[in-house]
Number of protein chains: 2
Amino acid sequence: MGAGFGGLAFCQSFPRDRADITLVDRQNHHLFQPLLYQLATAGLSDADIAQPVRAILADRRDITVLLDEARSIDLSRKILQLAGESLPFDYLVLALGGVTNYFGHPEWEEHAPGLKSLQDANRIRSRVLLAFEQAETHGPADSAPGLLNIVVIGGGATGVEMAGSLVELSRHVLRRDFRRIDPSQARIILLEGGPRLLPAMDPALSAYTRKTLEQMGVEVRLNATVKSISHHRVETNQGTIHAANIVWAAGVKANPLLAQLGVPTDPQGRVEVLPDLSLPGHPAVFAIGDNARVNGKEKQPVPGVSPAAMQMGTYVAREIAARLQNRPPGKPFRYWDKGSMATIGRTHAVAQIAMIKLQGFVAWLAWLGVHLLFLVGFRNKLSVLLNWVFSYLAYRPGARIIPNSPA
Amino acid sequence: MGAGFGGLAFCQSFPRDRADITLVDRQNHHLFQPLLYQLATAGLSDADIAQPVRAILADRRDITVLLDEARSIDLSRKILQLAGESLPFDYLVLALGGVTNYFGHPEWEEHAPGLKSLQDANRIRSRVLLAFEQAETHGPADSAPGLLNIVVIGGGATGVEMAGSLVELSRHVLRRDFRRIDPSQARIILLEGGPRLLPAMDPALSAYTRKTLEQMGVEVRLNATVKSISHHRVETNQGTIHAANIVWAAGVKANPLLAQLGVPTDPQGRVEVLPDLSLPGHPAVFAIGDNARVNGKEKQPVPGVSPAAMQMGTYVAREIAARLQNRPPGKPFRYWDKGSMATIGRTHAVAQIAMIKLQGFVAWLAWLGVHLLFLVGFRNKLSVLLNWVFSYLAYRPGARIIPNSPA
């Protein structure tokens, strides 16, 4: 269950008509999470990066899609308890994805929303745009301190992409829209707890990313640890920052339901699965994507990225299909690292593919190509491409709608 | 104030740099209301039919846009009181638009939402899609009575377009998406209080519209008056209908703020303006669009449609500009009726332009052309066209996302 990258890859690679498959998800859509930051910064719209699960699987008569939520899982009796019904199962695939990790401070969520769902992204977009609107209403002098400041916490790919996209929003997209304020006076502050941005990538690319972001106008603060977050205020080891908008991009942990299964989990809540991705002691139950802790090459855990989730989904589909035909289990799961990439701005990106490092415009083109390639649905690809071409030419994304502006 | 068709036409046709213009709206976007039903029926997305007001007017340095709401208007002291500030004015243009008219039954709104804003349309879309999801979860036998019934109240253009679009959604778009239910079992019931649909158009077109809708699967009930609406239930003079979704498309009235002005209004709350669209006794205050009651040809009141609002906006811009230059006032406002049209389904429409009546595919092409022509913003035009081409070819609108599905 779960219609993220892992769950969907499982469904799509499972052979047709060999089993009755039920896909359960809380949402009616598959979300292209790598582009969620574009929704939060008014570059794209809901329908550009989300696709109804039913539409994706319309041709698979052997798959039933249920809009429902798991309440509990009885592993010994093999029953999945949903809000709406009880589902007995022969095999279960846990692809519940992750939730934002506030590292023991759930009270920060209210002040520093994360970026995991359409609702999260729409909320951040509305808050950011409303801050500019309030500044225009009250004028710069009478505004609350930090009204136009935006703090992004976390210097991984999401944080870097958010910060780059926000600085372009304020410096270019909104440039001519206001009369009483100058949107480019907005400060975008990116906080990273470690000594460099994009810690998963090569240090040379981290340095390039920092330099590029700073040239664009982002204030990058390294070795900055957050002590507390309250209304419009972040306390760090480097001092206090006032900001009407605070975005949390510092971590993800697995769905809390996994903790109730009685199997060992790692600090991020992921199940410590066996090499075939099954749960210890439960050979018919598998965990994939952000729900599985498994080691890749050099004993490093496989990262929580979409290609890894898709590879796991495909692997488990093959394994279960083999068992249903009484064929012997295959080799252990092996993660094929296709590399990673992050976009920094309109024409800059960094990419690391095996030994190859790319930066600048070439990396950005690679980023664009890969993301379009994997966007589910042809219509979405065209719409997103069109949107990007327009953004690129005119710096005028069309998506900065506040659906219901609480004036 | 008001960034609807009238207010925007006023701003765009007012000569540059002759005055300090402030445009106040509660929303940050201009909404292409004639296509709102497409949003409610998952054919289009927010950003396809809405455009940020600031972006539209970015080039007009003489116009300040405020996201704010009028609290009261002091006509004698010439002060507009907003939530955020007090705005003194020399001239005031009331372009506040309308709200859904429940004819003295505000308690019906909860059960039968209207269709005036992005939020309204998104709410209707989510409710309709969730009804199908619930039926799939519980199965047809265990579902509440009328779970898949949708009642549309009002046989004007909005009601006809909603009903046609809903029947296509259930008969075609969702056809292959479900396993336990057959979405084409959904009943779409269109109620009209009078003896024919589209009462503003020629009776021959009304008959054609009814026939076409019925062939598509809509149950059309004429002379049906609503007695009461409660949860999932409509009482009419022809009996009781159970339906999980009830949509109100039966009427619009002017913004209630106008009632506080102390000037005569008509039963729909519109100000009875003078022939130059100014308020009686207040030559510097004008009302346009759904806020003005003025007679056109043959003493019929000018209808509350977007071309009329735009013509009034342009007229008032010219009048105020003339007065600022001490030129004499021009001729009284004259409405140029460009005709009216309504789309019935994927390839059918009716149109009436002066003495010409069109129906069927030709009318639909005309409808498509006119709507694309007037959609604000080139990017939107392309995106909407693309979406329509895809819908037309594949019957698979990409917008049926429930942003936050309460599973």
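Within every chain, numbering begins at 1; the chains are lettered A, B, ... in the order of the sequence lines, protein sequences first and strands thereafter.
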Would A:Asp46 and B:Asp46 count as a side-chain contact (heavy atoms from CB on, under 4.5 Å) if you check the C-alpha gap in whole Å, the side-chain angles of each, and the deciding distance to 0.1 Å? CA-CA 8 Å; A:Asp46 284 13; B:Asp46 284 13; 5.9 Å; no
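The CZ atom of B:Phe178 sits 10.5 Å away from atom CG of A:Leu66, with the distance rounded to the nearest 0.5 Å. Separating the CG atom in B:Asp68 from the NE2 atom in A:His138 is a distance of 8.0 Å, to the nearest 0.5 Å.
Among the candidates A:Arg179, A:Arg176, A:Glu133, the single residue satisfying the side chain to side chain contact (heavy atoms under 4.5 Å, CB included) test with B:Arg54 is A:Glu133.
Residue A:Leu67 comes nearest to B:Thr137 through the heavy atom pair O-OG1, 3.9 Å, listed as atom of the first residue, atom of the second, then distance. Heavy-atom minimum distance, A:Asp177 versus B:Ala58: OD1-CB, 3.6 Å.
Heavy-atom distances place no part of B:Arg175 under 4.5 Å from chain A, backbone and side chain included. Looking at A:Glu136, the atoms closer than 4.5 Å to chain B (heavy atoms on both sides) sit in the backbone and in the side chain alike. Interface remark: A:Ile63 contributes backbone atoms only to the contact with chain B (heavy atom separation under 4.5 Å).
Within 6.0 Å of CG on A:Asp182 lie more than 12 heavy atoms contributed by other residues, nucleotides or ligands.
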